[in-house]
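Heads up: the structure comes next, in structure tokens.
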Amino acid sequence: MSVSLILALGLGVLGYVIAPRRAVAAAGGDARKLAALPRQYGLNTLLAVLVPSFAILIAGSLAGAGLYLGWAILIVAFIGFAGSLFNITPDYRARTHAESWIKLILIAASVIAILTTVGIVFSMVFEARNFFSQYDWKDFFLSAEWSPNFRGNSSLGILPLLWGTLYISFIALIFAVPIGLFAAIYLSEYSSRRMRSIAKPAIEILAGIPTIVYGLFALVTVGPFLRDYFAAPMGFGDSASSVMTAGLVMGVMLIPFVSSLSDDIINAVPQTMRDGSLGLGATKSETIRQVVIPAALPGIVGAILLAASRAIGETMIVVLGAGAAARLSLNPFEAMTTVTVKIVSQLTGDTDFASPETLVAFALGMTLFVITLCLNVLALMIVRKYREQYE
Amino acid sequence: MKDTQMTNAKISTKGVQVHYADTHAIKDVSVEIADKTVTAFIGPSGCGKSTFLRCINRMNDTIDSCRVTGDIRIEGEDIYDVKVDPVQLRAKVGMVFQKPNPFPKSIYDNVAYGPKIHGLARNKAELDEIVEKSLRKAALWNEAKDRLLSPGTGLSGGQQQRLCIARAIATAPEILLMDEPCSALDPIATAQVEELIDELQKSFSVVIVTHSMQQAARVSQKTAFFHLGNLVEYGDTDKIFTNPEDPRTESYISGRIG
């Protein structure tokens, strides 16, 4: 198969070299009489060979046609090669044909992205259905107890995990959204160009730190600090891993998401809007509050939403910062855990994919997916309702 | 009504210089602008007329690299004095920009924006009244009264510009600066705005920057001709257009430069 792929590639390159000459020859040696530039004949042949070959390769591998696939690729490549060379006449519109091949490639790229999403959803749906055939959905959604037991007879209630997820995300967003937004406003409206050119990349470095490193920071620095200076003196317990620890550290992680995106969006609000407001005698902060932010709102909500989905899906910081104990509690200095952490712990180690203890991971994943989806829809509705469009 | 004496100067400037980083944009400009008249600034692109206009309400303050020196007084008060709050000043000196720039809010909120910020209305009824009066003055009331709550950005270009004028009038300014207010409008909308300027002149002192000499001739009583940052000639519009003193003015008027 790899041999025929290489052959197909060779055929394409050969066509790329031959086709222009053939075209020029067909026009009696005068390239100006052709309907397209000579190299466009070459490009057309190259694409006519390669695009169908790759399509067959992908389709064939999915269908499992192992043995004959190599031959099929070769045949398709050759048809493309011979066909496009045979078609060459001075009137042949190679330019438009090459364009439609390119369009096909672009369509394929977007289809792949969409199909992958659909595939992920389906795989989750099927496994989650397996789970619910073995475990009562009422116990899953309504039970407040999470105690998996690999010898069977576990309680797999999602509520404590969901609570942990939402609690930690909430703290993270409460921390990250105002700071990120204010930083964005400062950077885009107040700071000098020099300051901005330094500060913006500096904030964006935060986004490049791997979350495991944040987790370490939470484990060795923030956790003990919060315990010694806040939790213990105020009588909230003596746990180093806590919702607060994970929430704060996650908040730091989210700042660049909020600030960087919001900054770009605030910058995209036309200067004429600001001039209009300032020209009426509004102060800078009035202008920002009443004109700039409303105009940038859809983008800002989008930025916050992106941060929220990151928070809900975050795992490493939670493991190291908040621990792995499923618990329903209001005390922010107590160790808790999230859905994602439990997905990991249910699927690591020696597992067979038939017991409810492992299949629950898919039900958890599905629930998370639905939650983030709802968040997205909600945000979209908010944006529609309050959007102030400038043109 | 031609006002040849400059006894009631609303705005008077002396030796104004403006620098942008390395460029010397305005060179030693002194003018006296009378109250309740329309004064037009004309001149080729880049001659500094817009820059000079933006000095009068200190909009140039928002540009970092811009430096203004010299003396600009409105009713005798030096507006570049440290004691003067540019924000207060801009409430008194309204501005209409080249491109209509209504806020992405409803028509009502666009007009109510200034009065709300400056606390000009004690209650909703007064605010309604200000909005209606301003829209009427801007000759937009009849078109807008049934859609006050729909977005201002949904209006046509000419309506948008009149909305911006209404918005500027609503803060009860004494001076109205217009920076090429018709350059983005079609001839019909332009005619409406010009008619409006004629109307506004009764209550405000209007300063208009324009590229169109015909427009300057139609709407203004005084005309100032700028060239390469210099104020070349300033006087009655009639005189500038029929019998200019400076050869540069004459060349520009007759289309030889610009």
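Residue numbers begin at 1 in each chain, while the letters A, B, ... track the order of the sequences.
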- Query: Which class fits the ring pair A:Tyr167 and A:Trp163: parallel under 30°, tilted 30 to 60°, perpendicular over 60°?
  - Reply: tilted
- Using non-hydrogen atoms and a 4.5 Å limit, figure out which bit of B:Arg167 sits close to chain A: side chain, backbone, both or neither. both
- Counting only heavy atoms closer than 4.5 Å, note whether A:Ser192 contacts chain B via side chain, backbone, both or neither. neither
- Salt bridge or not for B:Arg136 and B:Glu132, using N-O below 4.0 Å? yes
- Query: Measuring heavy-atom distances to chain A, does B:Val96 have an atom under 4.5 Å in its side chain, in its backbone, in both, or in neither?
  - Reply: neither
- Message: Quick check against the 3.5 Å criterion: does B:Tyr80 have a side-chain atom that pairs as donor or acceptor with the backbone of B:Ile72?
- Response: no
- Message: Any donor-acceptor pair under 3.5 Å linking the side-chain atoms of A:Thr340 with those of A:Thr338?
- Response: yes
- So which of A:Thr272, A:Thr283, A:Asp275 has the biggest tally of heavy-atom pairs under 4.5 Å with chain B? A:Asp275
